[in-house]
Amino acid sequence: MIGIICALKISADGLKAMIENAETKTKAGLEFASGKIFDKDVVILECGVGKVNAADSALRL
């Protein structure tokens, strides 16, 4: 499975639009979108700008 962390909503929305059979789950106040892109299992997470947000999201992912 491939985990993708996006800092900006526009980046996350572009990738979410590519997901086939998308499922969305909310955990710890974060929205995780999962499914398949080009036959690869992916999880996409929007974390917000900043190294602290990125580190926290990477830990949760």
Side-chain angles (χ1 to χ4, degrees):
M1 180 169 288
I2 299 169
I4 302 171
I5 300 173
C6 298
L8 302 176
K9 181 172 176 41
I10 193 166
S11 301
D13 288 345
L15 288 170
K16 287 177 186 177
M18 296 175 65
I19 295 178
E20 299 172 10
N21 302 324
E23 291 184 23
T24 303
K25 295 181 183 176
T26 302
K27 292 185 181 179
L30 299 171
E31 185 178 294
F32 296 84
S34 61
K36 289 188 177 275
I37 297 178
F38 301 120
D39 293 326
K40 302 287 183 188
D41 292 325
V42 297
V43 176
I44 299 170
L45 172 63
E46 177 191 344
C47 71
V49 177
K51 63 184 174 186
V52 174
N53 288 339
D56 183 54
S57 296
L59 179 68
R60 295 181 190 281
L61 186 61

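Keep in mind that what you see is a predicted model, and the values were worked out from it rather than measured.
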Fill in: Test item: N53 side-chain N/O and V49 main-chain N/O as donor-acceptor pair under 3.5 Å
yes
Discussion item. Would you compute the distance between atom CZ of F32 and atom OG1 of T26 and round it to the nearest 0.5 angstrom?
Written reply: 9.0 Å
Discussion item. Considering only residues two or more places apart or on different chains, which pairs with a residue in residues 5-19 satisfy side-chain hydrogen bond (donor to acceptor under 3.5 Å, both in side chains)?
Written reply: K9-D13, K16-E31
Item to complete: Assess whether atom CD1 of I2 is packed by more than 12 heavy atoms of other residues, nucleotides or ligands within 6.0 Å.
Response: yes
Worksheet item: Are I44 and M18 in one and the same hydrophobic cluster, where Ile, Leu, Val, Met, Phe, Trp and Tyr link if side-chain heavy atoms are under 4.5 Å apart?
Response: yes
Item to complete: To the nearest 0.5 Å, tell me how far S57 OG sits from L30 CG.
Response: 5.0 Å
Response to the item:
Rounded to the nearest 0.5 angstrom, the CG-NZ distance for L45 and K27 is 12.0 Å
Worksheet item: Which atoms form the tightest heavy-atom contact between A54 and I5, and what is the distance?
Response: O-CD1, 4.4 Å
Discussion item. Side chain to side chain contact (heavy atoms under 4.5 Å, CB included), that's the test. Do L15 and C6 meet it? Break it down for me.
Written reply: CA-CA 9 Å; L15 288 170; C6 298; 3.7 Å; yes
Response to the item:
The complete set of side-chain hydrogen bond (donor to acceptor under 3.5 Å, both in side chains) pairs with one or both residues in residues 40-52, sequence neighbours excluded, reads K36-D41
Worksheet entry | Check against side chain to side chain contact (heavy atoms under 4.5 Å, CB included), V43 and M1 | CA-CA 7 Å; V43 176; M1 180 169 288; 3.2 Å; yes
